Asks: 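Sharing a structure with you now.
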Protein chains: 2
Amino acid sequence: MLKYSKGIKALEVKHSINNRNKGMELENEINISNTYYRNIQKALIYKKPTPIKIIKAIHHQNTYKIIEAYFMMPSTTDYNGLYKGKYIDFEAKETMSLTSFPLSNIHDNQIDHLLKVDEYDGISFLIVRFSKLNEIYFLHTSKLKSLLKENKKSIPLNYFKENGFLIKSTYICPIDYLKIIDEYYL
Amino acid sequence: MLKYSKGIKALEVKHSINNRNKGMELENEINISNTYYRNIQKALIYKKPTPIKIIKAIHHQNTYKIIEAYFMMPSTTDYNGLYKGKYIDFEAKETMSLTSFPLSNIHDNQIDHLLKVDEYDGISFLIVRFSKLNEIYFLHTSKLKSLLKENKKSIPLNYFKENGFLIKSTYICPIDYLKIIDEYYL
């Protein structure tokens, strides 16, 4: 069986990759929240691995070392899982804007995926952090759908305030999005 | 936004990686089946990307080239998604054995994950191909659970025959596992 890489801290490396840096803080906080949900046996929700196209790998110290690979366009969202028998699916993004979230920050196929999950009776939503305001919003796909019909290029902060929910943060659960689902979508 | 790799065929490369070769045929057939399910708007089920730890990446032709990375131990199964409002989760493996499927072929955390999904009211199962017999079986986690209680190191072919279901294959849907779910688990 394949020997896996252990104990190498990839986080700093990931941080050094310019464009991928943006969402790391949010990603970490969601990962902590998901680990918390798993620990208290509330839900099974994971971040999917980043899709990577491997071009070249060599045999190296009893394992495989990948020496050429590229990031691939994700075909779905970053997070999915199971909560109270329901399928949960979401994408999480940050913006530095004070007034709106640009939809160009999400890939079209990710939006399509969210819409399909909603259509197929799963629970799908967006988590958006307005970093400079330190506010994190939950926006259900049904609300995203209405906005997309109007051909908008961005989601105004006010739209989040009126149609979404502010997500509360605690030390043990920095992004407690399941609370919103409990209150409004189950 | 990050420029993604397109048009490079990674499949052959993947094939050349010795140990990962094993499951490729089965993986391809499941991917074809999942694409078929999506095309006919039956279900939204995807293979998760292979988890990879990135150590070093460089800026290269308007994108990032990963020049050092390693395979990571997967913490969950390879496939999950949504079908008729239910959360679906499974692992797929092949064996060359004519008589039994060695449980050492699945990581412990993958088995734990299947058990948890079952406990949390999702639909979880194993797909196992006996390559030399050209037979593919569906084994629901509830049946895997009973067997694990007996501390078995492998699942005998007969156990699949008695407690699982033979999965039928058609040209458009090589591994039609949802048919089993429709008939027995919904």
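A note on names: the letters A, B, ... follow the listed sequences, proteins ahead of strands, and every chain is numbered from 1. Only a predicted model underlies this, so the values are computations on that prediction, with no experimental measurement involved.
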Asks: Given side chains that start at C-beta, do those of B/L44 and A/D89 come closer than 4.5 Å, heavy atoms only?
Replies: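 Counting from C-beta outward, B/L44 and A/D89 never come under 4.5 Å.
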
Asks: Can you get from B/I106 to B/Y159 by hopping between Ile, Leu, Val, Met, Phe, Trp and Tyr side chains that sit under 4.5 Å apart?
Replies: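 Yes, B/I106 and B/Y159 fall within the same hydrophobic cluster.
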
Asks: Working to the nearest 0.5 Å, report the span between CG of A/L82 and CD1 of B/I123.
Replies: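 It is 10.5 Å, given to the nearest 0.5 Å.
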
Asks: Taking all heavy atoms of A/P49 and all of B/P51, pick out the closest pair and write down the distance.
Replies: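 Shortest heavy-atom contact: CB-CA, 3.7 Å.
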
Asks: Using the ring of each side chain (for Trp, its six-membered ring), is A/Y46 parallel, tilted or perpendicular to B/H113, with breaks at 30° and 60°?
Replies: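 The rings of A/Y46 and B/H113 stand perpendicular, inter-plane angle above 60°.
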
Asks: Could you measure the distance from the CD1 atom of A/I66 to the CD1 atom of B/I55? Nearest 0.5 Å is fine.
Replies: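 Rounded to the nearest 0.5 Å, the CD1-CD1 separation comes out at 10.0 Å.
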
Asks: Give a yes or no on whether A/V117 and A/I127 share a hydrophobic cluster (residues Ile, Leu, Val, Met, Phe, Trp, Tyr; joining criterion: side-chain heavy atoms under 4.5 Å apart).
Replies: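 They do not share one cluster, since no chain of ILVMFWY contacts under 4.5 Å joins A/V117 to A/I127.
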
Asks: According to a 4.5 Å side-chain heavy-atom criterion applied to Ile, Leu, Val, Met, Phe, Trp and Tyr, with indirect links allowed, do B/L126 and B/I111 form part of one hydrophobic cluster?
Replies: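 Linked within one cluster.
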
Asks: Compare all side-chain heavy atoms of B/I52 with those of A/I54 and state whether any distance is below 4.5 angstrom.
Replies: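 Yes, close enough: below the 4.5 Å cut-off.
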
Asks: Decide if atom OH of B/Y36 counts as having more than 12 heavy atoms of other residues, nucleotides or ligands within a radius under 6.0 Å.
Replies: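 Open: at most 12 neighbouring heavy atoms sit under 6.0 Å from OH of B/Y36.
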
Asks: Among A/E119, A/R38, A/Q41, A/K86, who wins on heavy-atom pairs under 4.5 Å with chain B?
Replies: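 Top option by heavy-atom pairs under 4.5 Å: A/Q41.
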
Asks: Are A/Y87 and B/I88 packed together at the side-chain level, in the sense that at least one heavy-atom pair is separated by less than 4.5 angstrom?
Replies: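 No. Closest side-chain heavy atoms not under 4.5 Å.
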
Asks: If you round to the nearest 0.5 Å, how far is CD1 of A/I67 from NZ of B/K56?
Replies: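 Between B/K56 NZ and A/I67 CD1, I get 13.0 Å after rounding to 0.5 Å.
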
Asks: Answer yes or no: are there more than 12 heavy-atom neighbours, outside A/N39 itself, under 6.0 Å from its atom CG?
Replies: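 Yes, because the 6.0 Å sphere around CG of A/N39 holds more than 12 heavy atoms from other groups.
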
Asks: Any link between B/I58 and A/M72 through a network of hydrophobic side chains (Ile, Leu, Val, Met, Phe, Trp, Tyr) touching at under 4.5 Å?
Replies: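 Hydrophobic grouping puts B/I58 apart from A/M72.
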
Asks: For residues B/Y83 and A/Y120: do they belong to one hydrophobic cluster (side chain heavy atoms under 4.5 Å, members Ile, Leu, Val, Met, Phe, Trp, Tyr)?
Replies: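 Shared cluster, no.
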
Asks: Of the non-hydrogen atoms in A/Y70 and B/Y64, which two are nearest, and what is the gap between them?
Replies: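 What the structure gives for the nearest pair is CD2-O, 3.5 Å.
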
Asks: With a sphere of 6.0 Å drawn around NZ of A/K143, does it hold more than 12 non-hydrogen atoms of other residues, nucleotides or ligands?
Replies: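 Atom NZ in A/K143 is not packed in, count stays at 12 or less.
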
Asks: With chain B, which of A/E68, A/H60, A/K65, A/K48 has the greatest number of heavy-atom pairs at distances under 4.5 Å?
Replies: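 Option with the greatest count: A/K65.
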
